[in-house]
Protein chains: 2
Amino acid sequence: MSPDDRRAAIVAATRAVMARNGIAGTTVRDVAAELGTSSGLIHHYSASLDELLAEAFEQVAREDLERVRRAFAGVDDAIGRLRVFFDVYARDDDQGIQTWLDAWSEAARRPALQRISRRLNEEWQALLASIIGQGVADGSMVCDDVDAVSWRILSLLDGLALQVVAHGDVISLGEADAWSRAGAERELGLPSGALSLALAR
Amino acid sequence: MSPDDRRAAIVAATRAVMARNGIAGTTVRDVAAELGTSSGLIHHYSASLDELLAEAFEQVAREDLERVRRAFAGVDDAIGRLRVFFDVYARDDDQGIQTWLDAWSEAARRPALQRISRRLNEEWQALLASIIGQGVADGSMVCDDVDAVSWRILSLLDGLALQVVAHGDVISLGEADAWSRAGAERELGLPSGALSLALAR
DNA sequence: AACCCTATTGCGCAGATGTCCAATAGGCAT
DNA sequence: ATGCCTATTGGACATCTGCGCAATAGGGTT
């Protein structure tokens with residue numbers, strides 16, 4: 001197996017274990033077992049577990065980001081794009097959000113992971129800000145502080161998703177989805193229902 | 001030392017270690033060392049670490065809740081109470097929020113902790129809902145779904161606090177505070193600035 | 001065929017962790 | 001003074017952890 005392929009396989013195995021056991025529950029031996037190789041090999045390719053976790057996490061998170069960007073194809077208006085943004089976010093499974101929870105919690109103890117988590121969160125906010133900026137520019141949205149509102153919407157999404165994942169059925173996934181869309185509508189001066197599920201339209 | 005005092009001392013020591021190392025970083029031996037006793041003693045009083053962490057966490061979280069309720073003394077109007085709510089929430093130090101982050105993340109792996117975390121979160125939401133319910137009743141706030149808006153405001157607070165604690169200076173504590181108040185004003189149909197820091201008034 | 005390079009192994013190290021248990025000690029009732 | 005009860009000790013146990021290292025094997029080059 002070529003070094004590049006091996007490297008990729010290790011990260012892929014790490015992702016699989018992460019999805020199953022969470023970031024905090026991912027060990028070098030687990031990754032090796034998932035891959036069917038020895039644990040020494042993992043360290044031959046990765047300086048430390050911290051780095052490896054950070055790389056795997058970055059890949060997962062970046063794929064989600066890419067999925068949103070790809071879903072923008074053919075949707076040019078700001079409101080349509082924001083709707084797509086929510087659609088993709090809502091499809092995110094429990095595993096994905098648990099991984100984010102772990103990342104935020106582990107950030108205090110894993111420097112590499114913190115850097116990645118931070119950067120990715122900023123990219124999500126920037127993506128949101130670009131949509132809202134477009135909406136404000138073409139007059140379809142009303143907002144006097146794009147940065148603040150972007151962070152608010154993102155935090156709202158994270159905070160609601162957190163309740164769903166960490167606490168089970170305190171609130172349902174459907175409520176979290178509907179409530180976050182309603183919150184964004186209010187923030188951006190949109191009529192109620194303007195951001196309802198794009199697929200249902 | 002009487003059993004009751006000992007029990008209380010163990011929980012207090014657990015809280016101290018939790019504040020220093022986070023929930024995930026709290027071990028039985030650390031607690032014993034903090035207390036200056038043996039590790040065996042901890043298990044003589046507590047069935048498992050999971051239970052102990054849950055009990056200590058509950059105490060911390062419940063104190064915060066009590067602090068808000070106490071701060072309500074002498075404040076009878078809904079808007080004033082909501083302002084106080086934000087004041088207390090904002091004073092919450094980094095350690096406190098890191099503990100919540102750990103709790104949400106660890107909930108997937110520690111059943112006792114999950115139960116407590118869930119119940120406490122519901123109490124926070126209920127407290128918020130009671131304030132908003134009062135505001136709607138006396139006409140000072142506008143809101144057509146008290147439950148949804150309560151969860152939104154709470155999630156907004158948690159989501160913003162999360163950024164501050166997990167990622168350092170992505171956003172400042174001041175921004176998180178100001179933005180969450182502004183978000184709540186918008187949600188409840190209040191004029192901008194209506195929820196500004198109570199102490200500054 | 002000889003050689004080398006490196007991917008890969010397998011194990012060891014040192015430390016940590018939750019849990020449990022036999023032994024002790026110290027106070028209280030008799 | 002005797003006996004009992006339990007709080008408390010200190011360490012054993014089994015397991016897990018990240019990491020490093022000497023040995024090996026297998027493929028590619030000369």
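Labels below follow one simple rule: chain letters A, B, ... track the order of the sequence lines, proteins then strands, and each chain is numbered from 1.
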Test side chain to side chain contact (heavy atoms under 4.5 Å, CB included) applied to B:R181 and B:D87, step by step: CA-CA 10 Å; B:R181 289 178 203 253; B:D87 285 4; 2.9 Å; yes

Selected nucleotide, minimal atom distance to A:Y45 side chain, candidates C:dT17, C:dT8, D:dC19: C:dT8

Short side-chain donor-acceptor distance under 3.5 Å, A:Q98 and A:D102: yes

Test item: side-chain donor near acceptor, B:N121 and B:W100, under 3.5 Å: no

Atom pair distance, as rounded to whole Å: CG in B:L35 and P in D:dG10: 13 Å

Any A:R6 side-chain nitrogen or oxygen under 4.0 Å from OP1 or OP2 of C:dT6: no

Which nucleotide in D:dC19, C:dT9, D:dG10 has an atom nearest any side-chain atom of A:S48: D:dC19

Per A:R29 side chain, nearest of listed nucleotides C:dG18, C:dT8, C:dC13: C:dC13

Candidates D:dG20, D:dT17, C:dG18 - which lies nearest the side chain of B:H43: C:dG18

Nucleotide C:dG18, atom P - distance to CZ of B:R110 in whole Å: 7 Å

A:M1, nearest nucleotide to its side chain (from D:dC19, D:dT8, C:dT8): C:dT8

Closest non-hydrogen atom pair, A:A182 against B:R152: CB-NH1, 3.5 Å

Closest listed nucleotide, where the reference is the side chain of A:H44 and the choices are C:dT9, C:dA7, D:dG11: C:dA7

Spacing between A:D4 atom CG and C:dA7 atom C1', to the nearest angstrom: 13 Å

Contact nearer the 5' end of DNA chain D, comparing A:G40 with A:T27: A:T27

Nucleotide nearest B:S39 (side chain, heavy atoms from C-beta), chosen from C:dT9, C:dT19, D:dT8: C:dT19

For atom CD1 of B:I42 and atom C1' of C:dC20, their distance in whole Å: 14 Å

Sugar-phosphate, base or nothing in reach of A:S2, heavy atoms under 4.0 Å: nothing

Per B:L41 side chain, nearest of listed nucleotides C:dT8, C:dG18, D:dT9: D:dT9

Value rounded to 0.5 Å, distance of CG in A:L157 from CZ in A:F86: 5.0 Å

Between C:dG18 (C1') and B:L113 (CG): distance, integer Å: 16 Å

B:E106 CD - C:dT17 C1' separation (whole Å): 14 Å

